[in-house]
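Worksheet: the structure to be examined is printed underneath.
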Amino acid sequence: MSRATEGKRNWAVWALLGPGLAFIALLLIVPVIDMTLISFRSESFGQILPGFTLANYTSLVRDGTYVQIFLQTFLAAALVTVLCILLGFPVASLIADAPAKWRGLLYFLVAAPLLVNTVVRTYGWLLILGRKGLVNETLAWAGLIEQPLALSGNYVGLIIGGTQVFLPFMILSIASSLVAIDRRLIESSAILGAGPVRTFINVTLPLAMPGVIAGSVLVFSLMLGAFVTPLILGGTAVKYLSVAIFTDALVLFNLPRATALAMVLLLVALLLYALQKRLLRRFEYYA
Amino acid sequence: MSEARTWNSLRAVAAAAVYGFLIIPLLVVVLFSFSDKSFFTFPPSGFSLKWYQAAWASERFLGPAVRSVVLALLSTLIAVIISVPAALAMRKMHPGRLRAAIEFLFLGPLIVPALIVGIALLYSFTKVGLIDTFPGLLAAHALIVFPFVFRAVLTSVVNLQQHLIDASAILGAGPLYTFRRIVLPALVPGLASGAIFAFIVSLDQFTVSLFVTQTEQAVLPVAIYKYLYDVNDPVVAAVSTVLVVFGLAVAVVIDRFGWLRHLGGTSG
């Protein structure tokens, strides 16, 4: 190709990219850079003061409350991920083994809840777990409890709600790995005398790992940044990173501290994305 | 063989319980919306449609619902208009660092948690007076749904066959005619699935909407949250039931096209 056509081609490519790049730059890059700068400023009564400081970051490390927030957020996200694996595996395995005519319906029942508004799904859990919710009313009616159990406005509600909201992603991810397994491997294992438990541990589980790991990274990062479920089911009393950012920004109007917290979340999200990309490439290599 | 049978029945029971766990919050919302009392009772008693009437009469939901639908349609349209040239450009670029970097930027609004987008836009919009305005809300939603359309269109673009475009050119068609008759039809599947997902993501978007609006421009999920916070009676359940039915209807439609399984990373 001659230099002239090459140049013309480049010009056309950049013209096509222009609107998209301008759009992202204006609405994402510049605001995120602004946010980064704000995290190095200080404030007084909601007013940003001149001069730069590291105080917002040093206080994140020194102040025990923030260390606790980070720890509890990570623990909650990890717990939700583990619960999603445990609950998701039987369903994914059922889908993979189901005859073709049932498979569609089984997939449908997993994915359909994803299309219902997240606020609505979380509200459903509030009705179930609230002080006068389904669980407490049922237990009281059966005479099993005198006082209502505290199931919402705390970590219990947050974990249960988060698990239900993100479980479909885990099931779809594990199922895609299980469906790809060569059935002859399972049959060979049985013919060679292994029972179903042994076949599961030695054949199915190792082959399902790509799906489990990909699903785990996805669920963990979604739960880490989740806001709706922690806000509605955990309440503002719960120490959760996203809720703390919200409270600092919109309730206390301390934007520098809110953005410093947000920077930590952004950094972790980017690291998890890089990890996800790397894992995907690795699985493609083996497949 | 009996060990295998036990194993299979155990799995079926566990899976059934998990399916129940996935469905129960939706079921409870629907049941509660028909309750004749304003609080939860067990066993359930009575049947009434009064919460639906109250939701319709209340000024708190209809406006935000209309705004949410208009917002979802317009933000999807903007994302489509920007995505098509962007995806076509990606096809013409050589694979390499630059192409990967640009793809990363275009997927950025999906990679960055919605909460971060919200807080970053809160500050930027405050500076230029876009907070609590419809144009600001629209820009924020267009940004959030853009990666979903871009990703779907990109898949179609990659499958676009160069020899069809060459053939069209050789046969004397101008670039516009080729675009209209060859390129655009090839992009339709990607555009359609991307647009549907974008529409749903916009309707579902709570976090960013909460950050860039105050009272004037409330969208439906935010209106539901605020009502839940202030009043919390079955009116919320009635409004929510409408959204449950809508979500399941959309699920049935996109399942027909075989797209349901490709759902990923839409929540937050």
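Please read these numbers as outputs of a predicted model, since none were measured by experiment. Chain naming here is simple, since letters A, B, ... match the order of the sequence lines and numbering starts at 1 in each.
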Exercise. Which bit of A/Thr259 is near chain B, if near means a heavy-atom gap under 4.5 Å: side chain, backbone, both or neither?
Worked result: both
Problem set entry | Region of B/Ile196 in contact with chain A, defined by heavy-atom distances below 4.5 Å | neither
Exercise. Picking from A/Leu224, A/Ile160, A/Leu106, which has the most non-hydrogen pairs under 4.5 angstrom with chain B?
Worked result: A/Leu106
Problem set entry | Interchain contact, B/Leu22 with chain A, by part (heavy-atom threshold 4.5 Å) | both
Problem set entry | Toward chain A, the part of B/Phe21 with a non-hydrogen atom under 4.5 Å | both
Seminar exercise, completed: Counting heavy-atom pairs under 4.5 Å with chain B, the top scorer among A/Tyr273, A/Tyr123, A/Phe200 is A/Tyr123
Seminar exercise, completed: So, the part of B/Phe104 with a heavy atom under 4.5 Å from chain A: the answer is side chain
Problem set entry | Steps toward side-chain contact (heavy atoms from CB on, under 4.5 Å) verdict (B/Ile81, A/Phe23) | CA-CA 12 Å; B/Ile81 292 171; A/Phe23 175 72; over 6 Å; no
Exercise. If we only count heavy atoms from C-beta on, is the A/Leu250 to B/Leu122 side-chain gap below 4.5 Å?
Worked result: yes
Exercise. Any side-chain heavy atom of A/Thr118 within less than 4.5 Å of one from B/Phe206?
Worked result: no
For this session: Could you tell me which non-hydrogen atom of A/Leu28 sits nearest to which non-hydrogen atom of B/Gly108, and how far apart they are?
Result: CD2-C, 3.8 Å
Problem set entry | chain A contact via B/Leu105 - side chain, backbone, both or neither, heavy atoms under 4.5 Å | both
Exercise. Would you say B/Leu31 and A/Leu127 make side-chain contact, with heavy atoms under 4.5 Å?
Worked result: no
Problem set entry | Under 4.5 Å from any heavy atom of chain A - which part of B/Val28 | both
For this session: Identify the two heavy atoms, one from A/Ala112 and one from B/Leu248, that lie closest to each other, and give their separation to 0.1 Å.
Result: CB-CD2, 3.9 Å
Exercise. Counting heavy-atom pairs under 4.5 Å to chain B, which of A/Leu16, A/Val219, A/Val32, A/Ile232 comes out on top?
Worked result: A/Leu16
Exercise. With respect to chain A, which residue among B/Ile78, B/Val117, B/Ile111 yields the maximal number of heavy-atom pairs within a distance under 4.5 Å?
Worked result: B/Ile111
Problem set entry | For chain B, the option from A/Thr199, A/Leu126, A/Asp97 that forms the most heavy-atom pairs under 4.5 Å | A/Asp97
Seminar exercise, completed: Note: vs chain B, highest number of non-hydrogen pairs under 4.5 angstrom among A/Pro31, A/Pro113, A/Ser173, A/Ser176 is A/Pro31
Exercise. Where on B/Ala237 is there a heavy atom nearer than 4.5 Å to chain A: the side chain, the backbone, both, or neither?
Worked result: both
Seminar exercise, completed: Closest non-hydrogen atoms of A/Leu94 and B/Ala15, given as atom of the first, atom of the second and distance, are CD2-CB, 3.7 Å
Seminar exercise, completed: Greatest number of non-hydrogen atom pairs under 4.5 angstrom with chain A, of B/Val239, B/Val236, B/Leu203, B/Leu243, falls to B/Val236
Exercise. Are B/Leu143 and A/Ile24 close enough that some pair of their side-chain heavy atoms sits under 4.5 Å apart?
Worked result: yes
Problem set entry | Side chain, backbone, both or neither of B/Phe150 within contact of chain A (heavy atoms, under 4.5 Å) | neither
Exercise. Of the backbone (N, CA, C, O) and the side chain (C-beta and beyond), which part of B/Val222 lies under 4.5 Å from a heavy atom of chain A, both, or neither?
Worked result: neither
Problem set entry | Passing option when B/Ile119 is tested against A/Asp248, A/Leu255, A/Leu261 for side-chain contact (heavy atoms from CB on, under 4.5 Å) | A/Leu255
For this session: Report the distance from atom CH2 of A/Trp14 to atom CE of B/Met93, rounding to the nearest 0.5 Å.
Result: 5.0 Å
Problem set entry | Student check: side-chain heavy atoms of A/Leu167 and B/Val18 closer than 4.5 Å | yes
For this session: Run the numbers on A/Leu27 and B/Phe125 for side-chain contact (heavy atoms from CB on, under 4.5 Å), then give the verdict.
Result: CA-CA 10 Å; A/Leu27 288 168; B/Phe125 280 5; 4.0 Å; yes
Problem set entry | Heavy-atom proximity to chain A below 4.5 Å, by part of B/Phe246 | neither
Exercise. So what's closer than 4.5 Å to chain B heavy atoms on A/Thr163: side chain, backbone, both or neither?
Worked result: both
Problem set entry | Closest contact, heavy atoms only, B/Pro25 versus A/Arg121 | CB-O, 3.8 Å
Problem set entry | Taking every non-hydrogen atom, the tightest pair across B/Ser124 and A/Asp34 | OG-OD2, 3.9 Å
For this session: Work out which heavy atom in A/Val116 is nearest to a heavy atom in B/Gly247; give both atom names and the distance.
Result: CG2-CA, 4.4 Å
Exercise. Between A/Met35 and B/Ile116, is any pair of side-chain heavy atoms under 4.5 Å apart?
Worked result: yes
For this session: Identify which part of B/Ile102 has an atom lying under 4.5 Å from any heavy atom of chain A, answering side chain, backbone, both or neither.
Result: side chain
Problem set entry | Aromatic plane relationship, B/Phe211 with A/Phe227 - under 30° parallel, 30 to 60° tilted, over 60° perpendicular | tilted
For this session: Pick one of side chain, backbone, both or neither for B/Ile200, based on which atoms fall under 4.5 Å of a heavy atom in chain A.
Result: side chain
Exercise. Under a 4.5 Å heavy-atom cut-off, does chain A meet the side chain of B/Ala142, its backbone, both or neither?
Worked result: both
